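For clarity, every value in this text was computed on a predicted model and none was experimentally measured. Letters go in sequence order (proteins before strands), and every chain restarts at 1. Heavy-atom basis, side chains included; hydrogens, waters and symmetry copies ignored.
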Amino acid sequence: MEYNFREIEANWRAFWARNKTFAAKDHSDLPKYYVLDMFPYPSGAGLHVGHPLGYIASDIFSRYKRAQGYNVLHPMGYDSFGLPAEQYAIQTGQHPRITTKENIARYRDQLDKIGFSFDWDREVRTSSPDYYKWTQWIFKQLFNSYYDGNQDKAVAISELIAEFEANGNANVNATTDFDETFSAADWKSYSEKEKETHLQEYRLAFLADSWVNWCPALGTVLANDEIVNGKSERGNHPVEQKLMRQWSMRIKAYAERLLTGLDTVDWADSIKDIQRNWIGKSIGASVQFAADKSDKVIEVFTTRPDTIFGVSFMVLAPEHPFVNELTTDEYKTEVENYKINASLKSERDRQADVKNISGQFTGSYATHPFSGEKVQIWIGDYVLASYGTGAVMAVPCGDQRDWDFATHFGIEIINIFDGVDISEAAYTEKEGTIAHSDFLTGLPVKKAIKLAIHEIETRGIGKGKTNYRLRDAVFSRQRYWGEPFPVYYKNDIPYLVDDADLPVTLPEVDKYLPTEEGEPPLARATKEAWGENFQGDRMDYNTMPGWAGSSWYFLRYMDPNNENEFVSKEKVDYWQNVDLYIGGSEHGTGHLLYSRFWTKFLFDLGYLPFDEPFKKMINQGMILGRSSFVYRVEGTNQFVTNSKKSAFTTTPFHVDISLVENDILNIEAFKNSREEYANAEFIGEENGDYICGSEVEKMSKSKYNVQTPDELVEKYGADTLRMYEMFLGPLEQSKPWDTQGISGVHNFLRKVWRLVHDRDGNIIVAEGEPTKDALKTLHKTIKKVGDDLDRFSFNTGVSNFMICVNELTEQKCTNKSIIEQLVILLSSYAPHICEELWVKLGHEAGTVGTQLFPAFNEAHLVEANHKYPVSFNGKMRFMLELPTDLSKEDIEKEVLAHEVSLKWLEGGSPKKVIVIPGKIVNIVH
RNA sequence: GCGGAUGUGGUGAAAUUGGUAGACACGCUAGACUUAGGAUCUAGUGCCGCGAGGUGUGUGGGUUCGAGUCCCUCCAUCCGCACCA
């Protein structure tokens, strides 16, 4: 009887589902282990072979941890709010809820076929009202909190209000962009609206007019990381800058903790660096320059306060709020023109225009705070409004951009570096000695920085300051298919919906498009559609971005059905944070940063006992697709084969890879695939074949290169797919998908089957004492498989099983105890076949996964002899088998007496003999 | 420009601590068994050479008895950030 994987796998999948074999226990004396996958967005294209790569690895690891005696939490769910379902709704009118439900059903079906040990009773869906009720609740906590700099944590906004009532904001140390002061009396005199406006300056979730990336084609705001090369990541539409009233998250408050927290987690350096880079900490000072003929004081940020005597002009961003007031009548027209030009340029154009130096003098001067000299104030678009203070003190001798600017406009360049030539370029090294700089003269750079900051603070013209590149995150989207805000407005003041009235469910609308006035789709919802949720004058029309739901989903798995809390204290105390997180590195500056932010926030409020969500993370590489192309000759309906295409002007088209085999196009199938191809003609090879071109690129529906796991499961079985995906190479490496080697893995599983069965399907295992060889093979495998799992080397794990089975087959091993242990070892990789064999070996159904991982016994590996490779000058010449316990001296004697040694020494004597017992012998001659 | 990663046979790759480079698999070559099965088995397969042997882990150098592994130089590819003051 052959290995009938179809029947076996279907039976065991049903068994696991029926018996809830993989349910995690919330109360257990066992140590816990939490293995998490990044949950998928259920797209219409279904799972492709890249999705399961990480899921297979995490599943193998989960099963391994269970075999080590852990109570393992290994859940799965869906990140089910998102744009594609909404766009489908716009095109077809089908409610995104229905599309999403259908897609989830398809995903679930595909996932089930691969035999994952997920605890499906814990499934979460971010678009389910039971779930987003708590996303809304967390938003409310953020709205009701501010960041207190003294305690260095988030604190209830009620405490801030109490302080305002008692003392105004003079003594408040909080994260805010608000720099005015008000007294307690002022506060009490404010109207409710004014009070709220001020509170918005402190809340961690707040409303603000912010420049946003507006995508007209999608009718929505995009986050920076949703834009690729100035176009929307989804759909590749143009993006422009627009000022809009938006919800934002004061993530800046957590910049320092997000940075230092990275030192406490076990993540790849590359992804830590991406986050460090994104947070962009720079240490320096803020310095004030008073403008003459105006009461304005321009504040700049600099990392080089030591170069302050090199300042010969100042530059403000064109959007800087002081520009109009600083511009003299003489320069009004030029400045106005410059500002208009700058605003017309998108951020992308401004970046592309780096080489072009542009700027405009305002006619005003500022006073140098130390020398008292007048320096010109310019505007220039190389200064960004959104970084630092939107203004710089220009030091052309020490900054290349300032140098270029000064050179271009003929502004004075003061050299304050001792013995450095700056005639060709600025000197940007952070070392050397400062000159011509009053009290800083003669000091090395590092000391000068310290002294300069000290002096700036003493004179009250600025202070030491740390700046972050990280910007507050815009938190609203003008979309339908997302979490509604638990917010209503009365007299334009935002109010929160009571906890008792959550969730604010998504109302029905007639269309999923913005209104004619440009309001978001939710503005279409009638009062009746909002139902009992409707309060005040109107509800908030925005929805939350995709990262809202995914920022805390790992917590909900611990307690998915809790109606009273987002997660109970008891459960989060037991499960703690995620021990192993597997997912792609493309979320480095999005999801992974935001979930760290929310975790720290919930920790501050006392809801969580930890402040980092993911202790260890592995980033699986992307599985790339291999696309096929046909080449249409310009202006005709002729297609030319790859090798002849250079003779024509052609346009390449993606062709569905199911119509291509070994690069040869199935011409008939191609003609039938689309009406426009029905009459296509072909310029083929000599034998008539049409050879397609190919390219390795990201797997995507639009490139017609998607390989689904389903057909492979059908053809070879889930166990083969699982092992093959692992066997492809290191988990973290990106690799093109290729099914060339899958038969090798499939044959391996058949060999395993034949180890237990004869040709007729009879069980051939026998009781009794195993041979020494079999024990050696087994224990070598136990050691290697265990070690490989501990270091997430799943590909070499598969090789070890192949070597083991090859050796046992060679040894004609039928020993039951050996085979039983092998089955337990293998069950994390190939669970279906192992469950089947386990029962055939006489055990209770469904228990192979609960067996403890076999214990390694080194005694079985001990050998009486060791085969020494003998090298001459480092080149291996021959092998010599010697007793393991032979002394160094005896080994040397034996080796030198060997006839091959005599030949290589050519009668001479060795200069040196290196003997490493148990390893090698090297002879230097 | 800054930061990170990766370069090993025809292919995917292995070599965890400096110790036989290419395990394991695909592919290929030859053969066996079979009336054909995407079956199984045997032998071979880095490159050059009939052979002895030489040579070989992106380049060039260094440390070492010994380097894919450590150090320096350069090159290529990929990823992230980018006028960040």
Side-chain angles (χ1 to χ4, degrees), chain A residues 2 224-225 268-278 280-282 284 300-304 307 315 317 350-357 380-384 386-395 398-402 404-405 428 467-471 585-586 588-589 621-622 715 723-724 727-730 732-736 738-748 750-751 754 759 784 787-788 790-791 793 795-804 806 867-879 910-916 918-925:
Chain A
E2 269 295 291
N224 281 331
D225 39 297
D269 285 336
S270 58
I271 203 141
K272 286 190 187 184
D273 280 328
I274 288 172
Q275 291 210 347
R276 286 195 188 103
N277 203 302
W278 189 261
K281 181 180 183 176
S282 18
V300 301
F301 174 74
T302 177
T303 56
R304 294 295 302 273
T307 64
V315 188
R350 265 168 85 159
Q351 281 169 20
D353 229 14
V354 176
K355 293 274 158 2
N356 264 337
I357 297 158
D381 66 6
Y382 82 95
V383 177
L384 305 177
S386 54
Y387 182 77
T389 61
V392 301
M393 58 177 220
V395 183
D399 183 288
Q400 193 56 46
R401 293 155 304 169
D402 295 346
D404 293 340
F405 196 88
T428 57
N467 214 30
Y468 298 92
R469 201 180 64 93
L470 183 71
R471 299 181 198 175
S585 58
E586 66 273 19
T589 55
M622 204 189 306
K715 206 162 163 186
M723 292 197 89
Y724 182 60
F727 191 57
L728 274 178
E732 283 157 289
Q733 198 168 299
S734 285
K735 50 230 158 191
D738 181 3
T739 52
Q740 288 272 308
I742 199 165
S743 62
V745 173
H746 189 62
N747 285 343
F748 159 75
R750 294 170 40 157
K751 275 190 200 169
R754 285 203 304 272
R759 273 170 193 270
K784 286 193 163 172
D787 286 354
D788 283 351
D790 289 334
R791 64 193 178 100
S793 180
N795 54 329
T796 52
V798 177
S799 315
N800 289 325
F801 285 119
M802 290 175 168
I803 294 167
C804 176
N806 286 348
K867 275 186 181 171
Y868 282 90
V870 180
S871 305
F872 290 78
N873 290 341
K875 294 224 181 294
M876 208 282 284
R877 296 304 178 183
F878 68 99
M879 303 292 293
K911 283 186 193 144
K912 197 173 179 183
V913 180
I914 288 115
V915 177
I916 313 288
K919 294 229 160 147
I920 55 111
V921 177
N922 190 18
I923 296 162
V924 189
H925 66 105

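No donor-acceptor contact under 3.5 angstrom links the side chains of A:K912 and A:N922, judged on distance only.
Between A:R276 and A:D273 there is a salt bridge, since a side-chain N of the basic residue sits under 4.0 Å from a carboxylate O of the acidic one.
The aromatic rings of A:F801 and A:F748 lie tilted to each other, with the angle between the two planes from 30° to 60°.
Comparing B:rC47 with B:rG22, their P atoms sit 14 Å apart, to the nearest whole Å. The separation of B:rG60 from B:rC65, taken at their P atoms, amounts to 23 Å, rounded to a whole angstrom.
Put simply, A:R469 has no side-chain N or O that comes within less than 4.0 Å of OP1 or OP2 on B:rA85. When the side-chain nitrogen and oxygen atoms of A:T303 are compared with OP1 and OP2 of B:rC84, none of them lie within a distance under 4.0 Å.
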**Prompt:** Just by protein heavy atoms under 4.0 Å, how would nucleotides 14-26 of chain B read 5' to 3' in B, S and -?
**Reply:** SSB--BB--BBSS
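Of the listed nucleotides (B:rU40, B:rC65, B:rG54), B:rC65 has the atom at the smallest distance from the side chain of A:K912.
Judged by Watson-Crick or G-U wobble contacts below 3.5 Å, the nucleotide B:rC28 has B:rG44 as its partner. Pairing for B:rG22 is absent, with no Watson-Crick or G-U wobble pair whose two atom distances lie under 3.5 Å. Base pairing of B:rA52 is not made with any nucleotide, judged by Watson-Crick or G-U wobble geometry with both donor-acceptor distances under 3.5 Å.
B:rG38 has its base anti relative to the sugar, with a glycosidic angle deviating from 0 by more than 90°.
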